[in-house]
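Note sheet for the following structure.
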Number of protein chains: 2
Amino acid sequence: MKSNVNNMSTLPTSAPPAAKGNVQAWIYDQIFAAILEQRLAPDTKLAEDTLGEIFGVSRTVIRTVLQRLSHDHVVEIRPNRGAVVASLSIEEVRDVFEARRVIENGAIELACQRREKNDISVLKSLVEKEQAAFEGNDKGAWIRLSGEFHLALANIAGNETLGDTLRSLVSRTSLAISQYETPGQSACSQKEHFAIIDAIDAGDVKAAQHEMTQHLAECEAKLDLDEQENGTDLRAIFSNVRVNNEKSGNLI
Amino acid sequence: MKSNVNNMSTLPTSAPPAAKGNVQAWIYDQIFAAILEQRLAPDTKLAEDTLGEIFGVSRTVIRTVLQRLSHDHVVEIRPNRGAVVASLSIEEVRDVFEARRVIENGAIELACQRREKNDISVLKSLVEKEQAAFEGNDKGAWIRLSGEFHLALANIAGNETLGDTLRSLVSRTSLAISQYETPGQSACSQKEHFAIIDAIDAGDVKAAQHEMTQHLAECEAKLDLDEQENGTDLRAIFSNVRVNNEKSGNLI
DNA sequence: ACAGAAAATATTGTATCCAAAACAAATTAC
DNA sequence: GTAATTTGTTTTGGATACAATATTTTCTGT
């Protein structure tokens, strides 16, 4: 009842259609995976009717799936205006990384207390798979496996609540990457992952936390998070400009 | 755009019916508040039809609301068997408190960095309201305000993601209390809240974290979390008993 | 030709309807 | 009388129909 391998919080993969009755879960996974693997870009409209036709179900079930996805912060539902693939503001991306630092360092503390013999080897084999995907240029698999490593870590911590929270944050990190990544910058994070594993293996909480903090900071640094022309800031950028329209006609 | 007072993650209160169009949000708040204030006990069945009649809407909107509540882990939806007020296992309660320790200690670190002049007084007035509710024996308000304090703290930390996560955890804590509280044990947590505030006011991260850890541990200790006869363990408890039915007739 | 208004179209929100599953009751077999 | 099966009722899951709200297109006046 308190094993480390059951009920693991995992990321959706493009699994087979599943048995009957699970259509809903299957569609959920399909859309989720498409977003995480960046086949659906942020702000893409997700019309209920269209999706219903694609998956051969009515709007009803699409609607519940979209609601679940919006709870995961992976799609955004705007009242009366439908759902779109979520788009994170720079502020939100910073928050997500900060939250991850807090939660994952907490998870490390617990993982060091509760780790069992073969936990470390499980982690290592995950990172090896990740490395293979990276070297094979399978970006989708790489992003997914990279997240899977962090979830496996939370899993060793043995706290399902914390694991679920992290799952949501990891998904949003993938979204953030697809939105803000800088072209050539996909460096190998596996080295950092191995460093974290080694510190945990040695039972050195502080060191592991330091590596994790470092790792997350590097991930964030690889993104292009400089404030630039967003729709909302357009006004500020052109604050010096004064145009002759009827409302500001008395100025200048 | 980065104020500490806007977009605060808050607990639902029995607010007025709201404008038109927001019926859904209103019903959500009504049910949520009823659960948090313990007017709806864990495992209470929440039939779609009944709720629809009560609130004068169709099952469709009730279903949406129940789905949202289940995302918050406040109700549980069992496939083909409807929704009930969520009931936490002892394991889950422990996880929730552990997760809160991790997240709230992280929030304290951030709050100490980012606190502004009147943040402390806001916290203090919240705890004073809490004390009033406690002394006035208004248990519903007390539980809500007690949670509100923790959310205000996360709010000062200025990380909305962390705040949302904590909101969910605080709700589940209320549920845990209603399920596992020991009769006479509702001691005043206000003293501990004030201690946390003072430490933050002094900018002493370590001390504040220590107080928080202590506070959460005391809350958890007030609950009756001893393993006892759960339905699942009945079999183990009566493992010595052998009854004469056709299947075990050959034994004894 | 362009801006604004108005009509047409498309999409979401809600209610209702039907099918499938779960639950409760009653009947039957032993 | 008890256990199991069958029947009837209730409740959920999903599809469709209709209403309300956006969005797009067309039309009109300057």
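Taking atom CZ on B:Arg81 and atom P on D:dT11, their separation rounds to 14 Å, with Å as the unit. The interatomic distance linking A:Arg63 (CZ) with C:dT12 (C1') rounds to 6 Å, in whole Å. Put simply, CG on A:Asn80 is 16 Å from C1' on C:dT9, counting in whole angstrom units. Atom-to-atom, CD of B:Glu48 to P of C:dT16 comes out at 15 Å; the value is rounded to the nearest Å. Atom CD in A:Glu53 sits about 13 Å away from atom P in D:dA15, given to the nearest Å. Distance CD1 (B:Ile77) to C1' (C:dA22): 16 Å, rounded to an integer number of Å. As rounded to whole Å, 13 Å separates atom C1' of C:dT14 from atom CD of A:Gln67. Nucleotide D:dC18 holds its P atom 14 Å from the CZ atom of A:Arg59, rounded to whole Å.
Between A:Thr60 and D:dG14 there is no side-chain polar atom (N or O) within less than 4.0 angstrom of OP1 or OP2. Contact annotation: A:Lys45 does not reach the phosphate of D:dT23 (side-chain N/O to OP1 or OP2, under 4.0 Å).
Side-chain atoms of B:Arg100 and B:His150 form a donor-acceptor pair, as typed in the model, at a separation below 3.5 Å. Under 3.5 Å, the side chains of A:Asn22 and A:Tyr28 contain no donor-acceptor pair of N or O atoms.
Under the 3.5 Å distance criterion, the side-chain polar atoms of B:Thr50 are left unmatched by any main-chain donor or acceptor of B:Leu46.
Listed candidates were D:dG14, D:dT12, D:dA15. Nearest to the side chain of A:Gln24 is D:dG14.
Each of B:Ala83 and A:Val57 was matched to the nucleotide of DNA chain D holding its nearest heavy atom; the match closer to the 5' end belongs to B:Ala83.
With respect to B:Glu181 and B:Lys222, no salt bridge is recorded, no charged nitrogen being found less than 4.0 Å from a carboxylate O.
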